[in-house]
Structures are given as C-alpha cells and as structure tokens.
2 protein chains.
Amino acid sequence: MAVTDEAISKIKDMLIRGELKAGDRLPPEKELSERLGLSRSSLREAVKALELIRVLDVRRGDGTYVTSLDAKLLNEAVAFVVDLHQDRSILELFEVRRILEPATAHLAASKITPDELLALRRTMDGIDENTDVEELVAHDLEFHSIITEAAGNDYLGSLLEALSSSTVRARIWRGLTQEKAVAHTLAEHRAIADALERGDAELVRALVTVHISGVENWLRQAL
Amino acid sequence: MAVTDEAISKIKDMLIRGELKAGDRLPPEKELSERLGLSRSSLREAVKALELIRVLDVRRGDGTYVTSLDAKLLNEAVAFVVDLHQDRSILELFEVRRILEPATAHLAASKITPDELLALRRTMDGIDENTDVEELVAHDLEFHSIITEAAGNDYLGSLLEALSSSTVRARIWRGLTQEKAVAHTLAEHRAIADALERGDAELVRALVTVHISGVENWLRQAL
DNA sequence: ACATCAGCAGACATCCGATCAATCGTGGCT
DNA sequence: AGCCACGATTGATCGGATGTCTGCTGATGT
C-alpha cells in the first residue's frame with residue numbers, strides 16, 4: 001500500500017478509535033508527518049483527500065480540524081458522485097429517490113410538529129403560474145426538505161438532498177416546458193401537506209410516490 | 001479557491017463535459033500540471049483526493065486512468081462515511097437500510113432469473129448451527145447481494161452494500177451466534193427465496209422488512 | 001529460421017526534503 | 001481599546017532520487 005493510503009487509514013483509525021474526536025485539532029503537518037513516518041508532501045495528499053469528503057477541515061495559518069462528522073458527510077460524498085452521473089444514469093438515481101422519498105414522508109407523518117406544518121404551508125404562499133423558475137425550484141426544495149427534516153433521520157436527509165440536487169435542472173426544464181406544471185405541482189404539494197396534517201401516513205406515502213413518479217415519467221419521456 | 005480545489009473541479013468538469021471518458025488515460029502528471037497551471041505536487045494532492053473516492057485510478061509506472069465511473073463510486077464514498085459512524089448513529093443508518101432493502105427485494109421479485117434463484121439457494125448449502133462466523137457473514141452478504149443484483153439498479157446496490165458493510169455484519173453475527181439465530185435467519189432466508197421464486201412481490205417485501213427489522217431490534221436492545 | 005527469454009531503456013508515478021509565500025491567532029505595546 | 005509585530009501553520013513549488021511497469025532488442029537454444 002502506498003504511504004499516502006496508509007496515512008489515510010491511520011487517520012481514519014484514530015477517528016474510529018476515538019483518539020481524535022469531532023472538533024479536535026490535528027498536530028501540525030510537520031509533526032504528524034514525522035509521527036506517521038512519511039514526508040510532509042505525502043501527508044498533505046492524504047489530508048487533501050480527507051478534506052474532499054469533508055472529514056477534515058483545513059484552516060490556513062491555524063491548523064487542521066476534525067469536522068463535526070455528522071450525517072452531512074454523506075451529502076458531500078454522494079453529491080460529488082451524483083454530479084458526475086448527471087446525464088448518464090439519472091433514471092436509476094431517480095429510482096432510488098422514488099424509494100426513499102415516500103418512505104421518508106411516511107416516517108414524517110407521525111412525527112411532524114405543528115410548527116413544521118405551518119412552515120410547510122408557508123412555502124406555498126405566493127406561488128402561482130406567474131412565479132419565476134428559480135423561486136419555484138426554491139419552494140420545491142424547501143417543501144421536500146421540511147418533510148425530510150421532520151422524519152428525523154439525518155442520513156436519510158443527506159442522501160435525499162444529494163439525490164435531489166441533480167434533478168434541479170430537470171425541474172427547471174419541466175417548469176419551462178410544461179405550462180400547467182406549476183398548478184399541478186402545487187396541488188400535489190397541498191394534498192401532501194393535508195395528509196401530513198391529518199397524520200394519514202399511508203396516504204402520505206401514496207401521494208409522494210405519485211408526486212415523484214410524475215417527475216420521473218416526464219423525465220423518462222424527455223430523454 | 002485553493003489551487004488544488006481548482007484542479008479538482010477542472011478535472012471534474014473535463015469528466016462531465018465528456019472531454020475525459022471512462023477508461024481514458026490522463027496526460028502525465030508533469031504535462032497535466034503545466035496545462036492546469038500548477039505545480040506537480042499540488043496536482044498530486046488533487047489526484048489523490050479523486051483517487052480516494054475512486055474517480056481516478058493511478059497505476060504506478062504506467063499512468064493515471066479514469067475509472068469506469070459507474071455506480072460503484074457510491075460504494076466507496078458511502079462506505080468510508082459509514083465506517084466512521086459505526087458506533088455513533090448506526091441505528092439511523094439501519095433505518096435507511098430498512099427502507100431500501102425491502103424495496104429492492106420488491107423490485108427483484110419481478111426480475112430475478114432462474115440462474116439467480118439457483119445461486120440464492122446454493123448460498124444456503126452447508127450452513128447450519130456449527131458454521132463459523134466468517135462463513136455466516138459471507139453467506140449473508142452473498143444472499144443479500146444476489147437479490148440486490150437482481151433488482152437491476154446499480155446505485156441501489158452500491159448504497160446497500162456500503163450500508164451493510166462486512167464489518168458491521170461481522171459484529172452483529174458475532175453477537176447473534178450464541179443464540180438460535182442461525183436457524184432463525186436461515187429460515188427467513190428460505191422464505192424469502194421461496195417468495196421470490198413464486199414472484200410474490202408483496203410477500204417478498206414483507207418478509208424482508210421483517211428480516212431486517214429483526215436484526216434492527218436485536219441491535220437496538222444490544223446497544 | 002524460429003521461438004523464447006533475459007535484460008536494458010524509457011516513461012511514469014512515488015516519495016522526499018527544502019524553500020518561500022500567505023494567512024491566522026496571539027500577545028505585547030501604546 | 002486599538003494597533004502591530006511575531007510566531008505558528010498551512011499553501012505552493014521545485015528538483016532529485018527511487019521504484020515499477022512496458023516494450024524493445026538481442027542473445028540463446030531448438
């Protein structure tokens with residue numbers, strides 16, 4: 001194994017064993033490189049790799065720190081990969097989303113708070129046929145992320161966020177090409193919010209499935 | 001933006017634009033570094049970062065190549081993150097798995113081939129109460145991965161594989177072996193295989209949900 | 001004449017150590 | 001309180017020594 005890879009797994013081990021915790025500061029590059037038995041240049045390669053997936057946070061002139069190590073890590077890593085696959089296998093990625101999103105909404109149905117329901121309603125204020133595309137995308141993104149948040153599973157949230165970002169473009173296209181899409185989407189969102197309010201988990205799941213599948217089908221035919 | 005980060009996104013752009021395709025060989029480090037306007041050392045940091053998430057494949061003495069860029073990318077990236085979170089939020093990760101696995105099996109029910117069914121059966125040969133832990137883990141891994149494979153969505157496969165990494169499985173099995181878990185698990189696996197053979201998608205989903213939840217409950221109580 | 005194999009040369013990545021620049025945090029000074 | 005200089009730390013680059021792979025070439029054996 002290359003020295004750099006060895007350094008990566010050594011740092012990883014220090015994290016798993018709890019030797020390094022979230023927020024901790026690593027020894028200076030020079031010192032750490034000596035302790036791990038490699039040159040500073042090689043160590044920097046390892047640190048850069050861990051920085052890419054947001055495990056480490058390097059602050060110039062200050063030091064290198066361990067990030068919060070929470071579920072957001074998934075987001076960065078997955079988003080990078082999803083970005084690369086934008087035009088290739090977007091339908092397969094959408095299939096994953098179609099599995100996760102209804103299940104997430106189903107979870108959310110029993111946990112969502114009145115405050116979150118209110119926020120959910122508010123995302124729909126001021127949205128109509130005349131709203132411009134960017135605002136529509138922002139609304140859509142927020143609508144789904146409130147529900148995801150309510151489900152209370154951060155990993156689920158990160159995964160969904162990463163999966164959805166790549167579809168933003170698709171949504172924009174859809175908004176541009178289909179005239180009645182706004183009213184249609186809004187009606188579906190209202191129905192989902194209603195069902196969430198009543199705590200009807202099964203209906204929520206079905207509605208979200210239909211909602212996601214609608215976009216998916218449009219996408220399938222547009223490709 | 002730092003020189004290295006710039007290099008990362010430039011390479012990423014070359015991939016997205018199709019300037020670089022899967023399997024392509026990158027120019028030598030020296031040449032590429034000159035073209036991107038940075039030093040070789042800095043370029044190497046970028047390359048190392050991209051190698052960690054398996055976008056690039058560096059072959060010493062030969063050259064640097066673009067990997068297949070398929071769904072397996074997700075695996076590496078997610079597995080790394082999951083490894084780091086083993087003791088922390090494993091239950092949340094398990095919840096994601098409990099969503100994905102039944103849905104995957106549901107998909108597989110209508111697509112699985114006779115060959116795959118045969119292979120599924122064969123994983124259970126020679127497994128009984130006396131089988132040692134490592135063999136159990138191998139069987140379990142293979143059983144689930146055949147089903148995932150049959151579902152025909154590589155991203156789903158990568159995610160699931162990463163979520164139920166072999167280290168996690170090993171730990172669970174080690175805890176379970178003392179009890180009657182082997183016979184119990186085997187019976188559940190048989191039932192799932194039977195339902196798959198009959199193409200009863202709904203039953204498959206229910207069985208897998210029960211199967212995964214069983215492990216989850218054990219885990220919840222063991223923590 | 002042909003096939004085989006060892007060894008050599010070139011291309012390339014690997015690793016290192018040194019050097020200078022940029023930046024940040026701190027502590028002392030006014 | 002505000003300012004400034006200093007030390008610590010990362011950022012970036014370079015040149016050189018080394019390990020490793022590939023392909024060619026020439027010698028050897030059949």
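As the structure is a prediction and not an experimental result, all values here were calculated from the model. In what follows, every chain begins at residue 1, and chains take the letters A, B, ... in the order their sequences are listed. What you see below is based on every heavy atom in this structure, not just the backbone, and it leaves out hydrogens, waters and symmetry mates.
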### Comparing A/T4 and A/R59 on DNA chain C - which has the more 5′ nearest nucleotide
A/T4
#### Entry: Rounded distance in Å - CD (B/E29) to P (D/dT13)
14 Å
### Query
When the distance from CG of B/D5 to C1' of D/dA12 is rounded to whole Å, what number comes out?
13 Å
### Summary
To the nearest angstrom, the NZ-C1' distance between A/K48 and D/dT13 comes to 15 Å
### Task
Could you check A/V58 against B/G37 and say which one's nearest nucleotide on DNA chain D is further toward the 5' end?
A/V58
### Task
State whether a side-chain donor-acceptor pair under 3.5 Å links B/E116 with B/T113.
yes
### Message
Suppose we call two aromatic rings close when their centres sit under 6.0 Å apart. Are B/H139 and B/H144 close by that rule?
### Response
no
### Query
Do B/T64 and C/dC12 share a donor-acceptor pair, side chain to base, under 3.5 Å?
no
### Query
Over how many whole Å does the gap from B/R60 atom CZ to C/dA13 atom C1' extend?
7 Å
### Task
Rounded to the nearest angstrom, tell me the gap between atom CD in A/E45 and atom P in D/dT10.
16 Å
### Query
Between atom CD in A/E51 and atom P in D/dT10, what is the gap in whole Å?
12 Å
### Task
State whether the distance check finds a donor on one side and an acceptor on the other, under 3.5 Å, for side chain A/R40 versus base D/dG11.
yes
### Task
Using a heavy-atom cut-off of under 4.0 Å over every strand shown, decide if A/S41 touches base, sugar-phosphate, or nothing.
base
### Steps toward salt bridge (charged side-chain N to carboxylate O under 4.0 Å, His left out) verdict (B/R60, B/D62)
CA-CA 5 Å; B/R60 185 177 185 164; B/D62 182 2; over 6 Å; no
### Query
Taking CZ from A/R44 and C1' from C/dA22, how many angstroms apart are they, rounded to a whole number?
12 Å
### Query
Any side-chain N or O of A/S42 under 4.0 Å from OP1/OP2 of C/dC15?
no
### Query
With under 30° as parallel and over 60° as perpendicular, where do the rings of A/H211 and A/H189 fit, or are they tilted in between?
perpendicular
### Query
In whole Å, what is the span from the OH atom of A/Y65 to the C1' atom of D/dT10?
12 Å
### Query
Strictly by modelled atom types, are A/S39 and A/S42 linked by a side-chain donor-acceptor pair under 3.5 Å?
yes
### Message
Less than 4.0 angstrom between a side-chain N/O of B/S39 and OP1 or OP2 of D/dA12, yes or no?
### Response
no
